[in-house]
There are 2 protein chains.
Amino acid sequence: MSLEKNADGGAARPVPARVEDVRRGNLVRVLAAIAQARTDPQRHPTRADVASLTGLTKASVSSLVAELADSGLVMESGATRDGERGRPGVGLKLSTNRGVVGMEINVDYISAGLLDLGGTLRADKTLECGNRGRSPESVMALLAGLVSEVASDAAAAGIEILGGGLAVPGLVETASGTVSSAPNLQWHNVALGLGGLLPDAPLGTALYNEANCAALAELWYGHGLDFRDYLFVSGEVGVGGGLVIGSRLFAGPHGQAGEVGHVVVDPSGPDCSCGGRGCLETFAGQEAIFAEAGIPAGTASARLEQLEERLGAGNTAATSAVARAGRYLGIAAASTARLMDLSAVVLGGHFTRMGPWIAPAVVRGLAEYAPGLVSPGRVAVSELGQSAALLGAAGSALRSVLAAPYSLAPAG
Amino acid sequence: MSLEKNADGGAARPVPARVEDVRRGNLVRVLAAIAQARTDPQRHPTRADVASLTGLTKASVSSLVAELADSGLVMESGATRDGERGRPGVGLKLSTNRGVVGMEINVDYISAGLLDLGGTLRADKTLECGNRGRSPESVMALLAGLVSEVASDAAAAGIEILGGGLAVPGLVETASGTVSSAPNLQWHNVALGLGGLLPDAPLGTALYNEANCAALAELWYGHGLDFRDYLFVSGEVGVGGGLVIGSRLFAGPHGQAGEVGHVVVDPSGPDCSCGGRGCLETFAGQEAIFAEAGIPAGTASARLEQLEERLGAGNTAATSAVARAGRYLGIAAASTARLMDLSAVVLGGHFTRMGPWIAPAVVRGLAEYAPGLVSPGRVAVSELGQSAALLGAAGSALRSVLAAPYSLAPAG
DNA sequence: GCATATAGTTCAGATTGAAAACTAATTCAT
DNA sequence: ATGAATTAGTTTTCAATCTGAACTATATGC
């Protein structure tokens with residue numbers, strides 16, 4: 001569900017199943033059934049609906065819903081009037097006075113947002129600041145300030161914060177809250193003080209990889225509604241990625257899967273910052289595209305602006321630079337699709353802004369190197385903006401609440 | 001555990017957890033605890049051991065073990081004498097009078113073997129026959145003959161057959177028992193009549209991909225004891241593969257993951273039979289290696305023999321052909337390791353016979369294209385012989401028994 | 001107003017594992 | 001030998017939980 005490792009392995013864990021575990025499982029099921037309908041705002045399910053959705057009896061559902069309501073996760077939303085005969089049911093929805101905080105640290109900005117359990121973004125704050133080379137302590141202090149603003153907004157709106165998720169552009173160890181390596185921030189093996197961000201949230205704050213968060217945001221709020229399995233490729237300073245398999249993130253055994261930026265696409269290609277050669281990033285990273293397109297040095301956003309302008313004007317150097325990047329993206333996607341049995345590709349990050357020029361090149365690359373595997377209609381461009389990673393981090397936190405409702409105190 | 005898809009996706013399964021499901025889960029746990037020690041033949045665990053292994057109470061374990069014994073899956077193996085004080089416990093082991101049948105269809109032979117639940121191969125029959133282009137019906141008839149021989153051996157030894165697994169060299173749909181595409185057999189979209197093979201086995205026969213089976217055999221009987229996560233690359237006529245993540249096979253959303261033979265390792269490489277270009281198979285497939293080494297046409301096994309001879313004699317064309325294949329294997333492994341966060345590679349199939357010459361080249365390729373990701377000690381050569389796929393298919397069937405013990409009738 | 005239909009609650013019954021008391025079988029010290 | 005100590009396994013009681021059936025509550029429609 002969230003960004004946890006999904007490769008468990010161990011057969012006989014030392015924890016046996018007890019009778020109480022049945023209830024835990026059913027609390028999750030009931031919550032999932034109520035959450036499922038949260039996109040359809042008017043028709044909240046009744047207890048009877050939940051019973052037929054889950055296969056539980058009405059009696060059990062009543063008892064389970066009562067417990068979820070006690071812990072503040074679920075609330076009634078007034079009687080449903082359906083014009084049918086019989087006693088009308090009472091609609092159930094995820095509580096709008098509980099929420100989670102999504103956070104993002106990126107090279108040029110930090111941001112924090114408040115998502116209520118219903119999935120509505122209730123607050124959203126961004127602070128532009130150059131973080132490259134800035135000390136982790138200093139960045140975390142700025143972020144803590146932003147978060148406390150969000151927290152007071154939440155308090156003012158009567159929303160209790162249950163947990164949070166932080167996305168950073170680099171390899172992370174989710175379990176220990178450590179950034180192993182974030183080249184663009186120049187951070188290496190940094191243990192972030194996550195405990196300080198949301199001291200009162202019962203579930204604390206989890207650390208995630210930015211590209212993985214963006215891939216999940218795409219799953220929950222973007223093309224994931226169409227695709228269950230896809231490679232998400234995020235163009236940032238480098239090229240990040242996320243693998244979604246069966247509507248779940250594939251994080252790999254150490255949570256560091258999806259590094260499509262370092263798939264080798266040409267064994268005689270240029271040296272890469274990772275120490276290898278011919279990685280996708282050396283062809284489709286920002287620097288490579290700008291250089292190939294002849295865009296002079298400057299800030300990333302200015303250069304991107306300029307590229308977009310030239311693309312629009314039909315400048316040959318620009319279009320062929322982007323087409324070349326797209327072709328190599330197609331090659332990397334072809335290898336990935338073969339390896340992992342994937343059938344769709346979603347382009348995000350700065351690739352979104354090159355969408356009309358880069359997507360056709362990706363389709364051509366795929367057709368040349370893995371014909372028949374990914375149909376043209378299954379190469380999509382993300383429509384989520386800069387907030388994708390934030391949404392993904394918040395969504396992950398939200399889902400970890402929904403996956404473990406029993407860990408919350410009954411009084412809330 | 002077995003070859004099922006491990007990407008499940010749906011959070012709320014339609015079947016609710018009932019109190020009885022707790023017992024099902026604990027039956028599996030107890031069985032796993034008993035199975036865990038099956039490699040250590042003398043020291044079978046007692047009920048008390050199982051209790052401490054699983055965290056269940058002795059009372060519960062007694063009851064669960066009684067049920068497993070009733071259904072014939074577990075048997076007592078006499079009192080353990082440990083020289084310690086106190087009442088000696090009674091050793092428990094998986095029943096040796098229940099078993100599963102592993103089967104393999106390959107280009108040059110078919111085979112069938114009987115594995116008892118303890119993991120011992122009790123019978124093993126192979127029939128050399130050229131299957132390329134032979135009709136599926138005809139091959140299945142031959143296989144059925146072989147299986148019935150194995151079945152009568154089993155009956156003679158008092159072994160009841162619970163289920164079976166069949167490995168074929170091609171893409172399969174496990175759920176429907178269909179071979180989507182097996183180029184080397186020239187089979188396409190063939191529904192094999194699996195039901196006829198073991199008509200009396202309660203769990204029937206499942207269909208698996210050969211390279212995946214070999215990867216699992218490696219997991220259970222080979223280097224899997226050292227590595228929890230690895231890419232298995234199987235050299236056959238083509239180049240097949242299997243991905244093991246967290247000691248489980250990663251089969252992908254449609255059960256067709258692991259096709260490392262068609263990872264693009266050189267975008268300007270030769271055309272591939274898959275319709276793409278520069279696939280690993282065009283550099284490391286049998287034909288490519290033989291051609292590069294200057295081995296004249298002939299049967300696959302004769303040419304392989306010849307290659308091995310020349311390698312041993314230090315023939316330059318042969319060693320450099322194999323080194324080239326190894327280098328490209330290293331490139332494909334580098335991309336795979338980055339994408340899926342893997343840290344080991346196991347070479348199998350005919351690569352085993354080139355082991356001393358090809359493994360160092362793979363290590364060099366990895367060091368060049370993904371430095372630091374896979375240490376040299378984690379590039380291994382399989383030591384399982386031709387029976388790897390058979391063992392994997394049987395092991396998968398065995399594990400599907402152990403994963404669903406409650407589906408067997410109590411009387412056995 | 002009353003039959004009908006649907007929502008939700010209450011209560012007895014069954015399944016299951018935990019905990020504790022109990023029986024069984026063995027070693028060790030005297 | 002004999003009894004204390006120790007460990008294995010069983011029996012009994014109890015609490016948690018779901019199911020199913022009976023019941024209450026609230027609506028529609030004739």
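Numbers restart at 1 for each chain; the letters A, B, ... are given by sequence-line order, proteins then strands. Because the structure is a prediction, the values reported are computed rather than measured.
You'll find the side chain of B:Leu203 stays beyond 4.5 Å of the side chain of B:Val100, heavy atoms only. When side chains are defined from C-beta on, B:Asp153 does not count as touching B:Leu114, because their heavy atoms never get closer than 4.5 Å.
For A:Ala48 and B:Ser63, each mapped to the nucleotide of DNA chain C holding its nearest heavy atom, the one lying further toward the 5' end belongs to A:Ala48. Take the nearest nucleotide of DNA chain D for A:Arg24 and for A:Arg87: the residue whose nucleotide is more 5' is A:Arg24. The residue among A:Val19 and A:Glu84 whose nearest nucleotide of DNA chain C is located toward the 5' end is A:Glu84. The residue among B:Ala59 and A:Val22 whose nearest nucleotide of DNA chain D is located toward the 5' end is B:Ala59.
Of the side-chain N and O atoms in B:Ser60, one or more sit less than 4.0 angstrom from OP1 or OP2 of C:dA18. In this structure, B:Arg23 does not reach the C:dT15 phosphate: none of its side-chain N or O atoms is under 4.0 Å from OP1 or OP2. OP1 or OP2 of C:dG8 lies within a sub-4.0 Å distance of a side-chain N or O belonging to A:Thr46. The phosphate of D:dT17 has neither OP1 nor OP2 within less than 4.0 Å of any side-chain N or O from A:Asn26.
Using a distance-only test at 3.5 Å, with no hydrogens or angles considered, no donor-acceptor pair links the side chain of A:Asn97 to the main chain of A:Gly158. Remark: side-chain polar atoms of B:Tyr406 are not paired, donor with acceptor, to backbone N or O of B:Val28 under 3.5 angstrom. No donor-acceptor pair under 3.5 Å is formed between the side chain of B:Thr120 and the backbone N or O of B:Arg122.
Rounded to an integer number of Å, the gap from A:Arg47 CZ to D:dT26 P is 14 Å. Remark: C1' of C:dG17 and CG of B:Leu64 are 9 Å apart, rounded to the nearest angstrom. Between the C1' atom of C:dT15 and the CG atom of B:Leu27 lies a distance of 13 Å, rounded to the nearest Å. Distance NZ (A:Lys58) to C1' (D:dA25): 11 Å, rounded to an integer number of Å. Regarding B:Arg29, its CZ atom lies at a distance of 15 Å from the P atom of C:dT16, rounded to whole Å. The distance between atom CG of B:Asp49 and atom C1' of D:dG9, rounded to the nearest whole Å, is 12 Å. What separates CG of A:Asp21 from C1' of D:dA15 is a distance of 15 Å, to the nearest Å. B:Leu92 has its CG atom 12 Å from the P atom of D:dA8, to the nearest Å.
Contact annotation for B:Val90: backbone-only contact, meaning every heavy-atom pair under 4.0 Å involves sugar-phosphate atoms and none involves a base.
Looking at A:Arg85, its side chain has no donor and acceptor atom pair within 3.5 Å of the base of C:dA5.
Nearest nucleotide to the side chain of B:Leu56, out of C:dG17, D:dA16, D:dC18: C:dG17.
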